[in-house]
Amino acid sequence: MTQVIDFTTLPADLYVEALPQHVAVIMDGNGRWATQRGMPRIAGHRQGAKTVKDLLRCCKDWGIGALTVYAFSTENWRRPMEEVSFLMRLFDRLLRRELAEMQREGVRIHFLGDLSPLPERLRELMAEAMALTRQNQRVQFNVAVNYGGRQELVMATRHIAQQVACGALSLEQVDEETLSRALLTYPMADPDLLIRTSGEQRLSNFLPWQLAYTELYFTDLLWPEFDRAAFHQALHWYQSRQRRFGGLATPPIAQGF
């Protein structure tokens with residue numbers, strides 16, 4: 001990604017050289033946010049979509065190259081049909097309404113997951129969005145829809161097994177890099193920072209391979225409440241971390257902590 005940073009909005013206590021280049025988010029708490037306010041759960045999803053838009057623009061402005069959001073898991077089909085149908089319509093409306101703006105702002109959009117069960121028109125819109133924005137370089141926006149991490153690993157394993165069976169790969173050639181190349185996120189770098197809202201502290205089948213060495217940040221804020229100030233706090237926390245990757249202790253990511 002071409003890094004263009006808006007220094008007029010970047011908080012003074014964040015170090016450009018120490019920002020994560022890939023942030024992943026589990027957007028939890030939309031329904032609870034709405035229920036607490038006496039509104040239907042779908043109102044929380046509407047507000048949550050606005051939060052995603054602002055966070056994406058924030059990543060673009062602050063020079064964070066990639067944002068991956070967990071929009072709909074393979075397990076979310078178990079929710080009430082009314083809510084699932086609304087989410088499908090919301091994806092459709094957001095793509096129709098926001099695609100031109102994302103194109104103007106240099107956003108490259110990519111969808112992760114098994115898209116085959118989605119409504120046909122929605123799949124067409126997703127394909128159109130990926131094709132239209134493929135050359136954009138300001139920020140990569142990955143949307144995980146009907147995504148499950150274990151299912152992704154099974155798919156990757158089957159792909160590698162087929163290559164071995166047909167002689168394209170030997171068993172000795174199968175290593176971590178081989179598996180990484182077979183994942184839906186290839187060739188993107190793994191996330192540096194994962195944020196999960198609403199107080200839950202689990203991965204919920206989200207990017208289990210890719211998050212092996214990711215810094216995990218949990219907040220009690222519900223997703224619609226997660227604004228730029230909350231993102232700033234998460235990034236400030238990230239810069240205080242020591243990323244050892246199994247090695248010896250190193251200074252914090254940003255000096256001065």
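Counting from 1, the numbers follow the sequence of the chain as shown.
Judged as a side-chain hydrogen bond (donor to acceptor under 3.5 Å, both in side chains), the pairs with a partner in residues 202-212 (not counting sequence neighbours) are, in order, Glu75-Asn205, Gln151-Asn205, Glu152-Gln210, Ser180-Trp209, Thr185-Gln210, Arg196-Ser204, Glu200-Arg202.
With Thr133 contributing its side chain and Ile109 its backbone, the two residues share a donor-acceptor pair below 3.5 Å. A donor-acceptor pair under 3.5 Å links the side-chain atoms of Thr214 to the main chain of Pro191, judged by distance alone. Distance alone, capped at 3.5 Å, is enough to place a donor-acceptor pair between the Gln21 side chain and the Gly63 backbone. No side-chain donor-acceptor contact under 3.5 Å links Asp54 to the backbone of Thr51. A donor-acceptor pair under 3.5 Å is absent between the side-chain atoms of Asn30 and the main chain of His45, judged by distance alone. Side chain of Arg241 to main chain of Trp237: no donor-acceptor pair is present (N/O by atom type, distance under 3.5 Å, no hydrogens or angles). Here the side chain of Thr68 pairs no donor or acceptor atom with the backbone of Val25 at under 3.5 angstrom. Not one N or O on the side chain of Gln239 forms a donor-acceptor pair closer than 3.5 Å with the backbone of His236. Between the side chain of Asn146 and the backbone N or O of Gly113 there is no donor-acceptor pair closer than 3.5 Å.
Counting all heavy atoms, side chain and backbone alike, Gly44 lies closest to Trp33 at CA-CE3, 3.8 Å. Closest of all the heavy-atom pairs between Gly199 and Asp220 is CA-OD1, 3.3 Å. The two residues Pro40 and Ala34 come nearest to each other via the heavy atoms O-CB, 3.2 Å. Nearest heavy atom pair, residue Ala18 against residue Tyr238, reads O-CE2, 3.3 Å. Considering every non-hydrogen atom in both Gln173 and Ala168, the closest pair reads OE1-O, 4.4 Å. Pro208 and Leu153 get closest at one heavy-atom pair: CG-CD1, 4.1 Å.
Cluster annotation: Leu211 and Leu112 are assigned to the same hydrophobic cluster (Ile/Leu/Val/Met/Phe/Trp/Tyr, side-chain heavy-atom contacts under 4.5 Å, transitive). If you chain together hydrophobic residues whose side chains sit under 4.5 Å apart, Met130 and Met188 never meet in one group. In this structure, Val16 is a member of the same hydrophobic cluster as Ile64, with clusters built from ILVMFWY side-chain heavy atoms closer than 4.5 Å. Transitive grouping of hydrophobic side chains (ILVMFWY, heavy atoms separated by less than 4.5 Å) keeps Val154 and Leu183 in distinct clusters. Taking hydrophobic clusters as Ile, Leu, Val, Met, Phe, Trp and Tyr residues chained together by side-chain heavy-atom distances below 4.5 Å, Leu179 does not share a cluster with Leu207.
Annotation: side chain of Tyr147 is in contact with side chain of Leu184 (closest heavy-atom distance under 4.5 Å). At least one side-chain heavy atom of Gln163 sits less than 4.5 Å from a side-chain heavy atom of His159. Counting heavy atoms from C-beta outward, Leu222 and Thr197 have side chains that stay 4.5 Å or more apart. Side-chain contact between Phe141 and Cys59 is absent, with no heavy-atom pair separated by less than 4.5 Å. You'll find the side chain of Phe218 stays beyond 4.5 Å of the side chain of Ile195, heavy atoms only. Side-chain contact between Tyr70 and Asn142 is absent, with no heavy atoms from C-beta onward closer than 4.5 Å. Here the side chains of His110 and Val143 are not in contact, with every heavy-atom distance at 4.5 Å or above. For the pair Leu99/Leu132, a side-chain contact is recorded, criterion being any heavy-atom separation below 4.5 Å from C-beta on.
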Taking it one step at a time, do Leu55 and Val69 satisfy side chain to side chain contact (heavy atoms under 4.5 Å, CB included)?
CA-CA 10 Å; Leu55 183 61; Val69 298; 5.5 Å; no
Verdict with supporting geometry, Asp190 and Tyr213, side chain to side chain contact (heavy atoms under 4.5 Å, CB included)
CA-CA 8 Å; Asp190 293 339; Tyr213 285 103; over 6 Å; no
Taking it one step at a time, do Leu118 and Met88 satisfy side chain to side chain contact (heavy atoms under 4.5 Å, CB included)?
CA-CA 8 Å; Leu118 304 183; Met88 295 299 124; 3.7 Å; yes
Check the pair Leu10, Leu19 against side chain to side chain contact (heavy atoms under 4.5 Å, CB included), reporting the backbone distance first and the verdict last.
CA-CA 11 Å; Leu10 182 68; Leu19 289 172; 4.3 Å; yes
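No salt bridge links Glu83 with Arg78; every basic N to acidic carboxylate O contact stays at or beyond 4.0 Å. Salt bridge Arg121/Glu124: present, at least one basic N to carboxylate O contact under 4.0 Å. The residues Glu98 and Arg93 are annotated as not salt-bridged, no charged nitrogen and carboxylate oxygen being separated by less than 4.0 angstrom. Looking at Arg138 and Glu105, no side-chain N of the basic residue comes within less than 4.0 Å of a carboxylate O on the acidic one, giving no salt bridge. Between Asp61 and Arg57, none of the side-chain N atoms (NZ, or NE/NH1/NH2) sits under 4.0 Å from a carboxylate O, so this pair counts as no salt bridge.
A donor atom on one side chain and an acceptor atom on the other are not found under 3.5 Å apart for Arg41 and Thr35. Side-chain contact, Thr178 with Asp175: a donor N or O sits under 3.5 Å from an acceptor N or O. Inspection of the His22 and Gln140 side chains reveals no N or O donor paired with an N or O acceptor under 3.5 Å.
Enclosure of atom CZ in Arg150 is not indicated, since only 12 or fewer non-hydrogen atoms of other residues, nucleotides or ligands lie within 6.0 angstrom. The environment of Glu101 atom CD is dense: over 12 non-hydrogen atoms of other residues, nucleotides or ligands sit within 6.0 angstrom. Crowding of Gln135 atom CD: a count of heavy atoms from other residues, nucleotides or ligands under 6.0 Å not exceeding 12.
Annotation: the span from Met39 atom CE to Arg46 atom CZ amounts to 10.0 Å, rounded to 0.5 Å. Rounding to the nearest 0.5 Å places CZ of Phe91 at 14.5 Å from CZ of Arg123. Leu194 CG to Glu215 CD: the interatomic distance, rounded to the nearest 0.5 Å, is 10.5 Å. To the nearest 0.5 Å, the span separating SG on Cys58 from CG on Asp227 amounts to 9.5 Å. Atom NZ of Lys60 is separated from atom CE of Met102 by 12.5 Å, given to the nearest 0.5 angstrom. Atom CG of Asp114 is separated from atom CE of Met155 by 9.5 Å, given to the nearest 0.5 angstrom.
With sequence neighbours excluded, the residues forming a ring-ring contact (aromatic ring centres under 6.0 Å, His included) with Trp223 are Phe226, listed by chain and number.
Relative orientation of the Trp77 and Phe72 rings is perpendicular, given thresholds of 30° and 60° on the angle between their planes.
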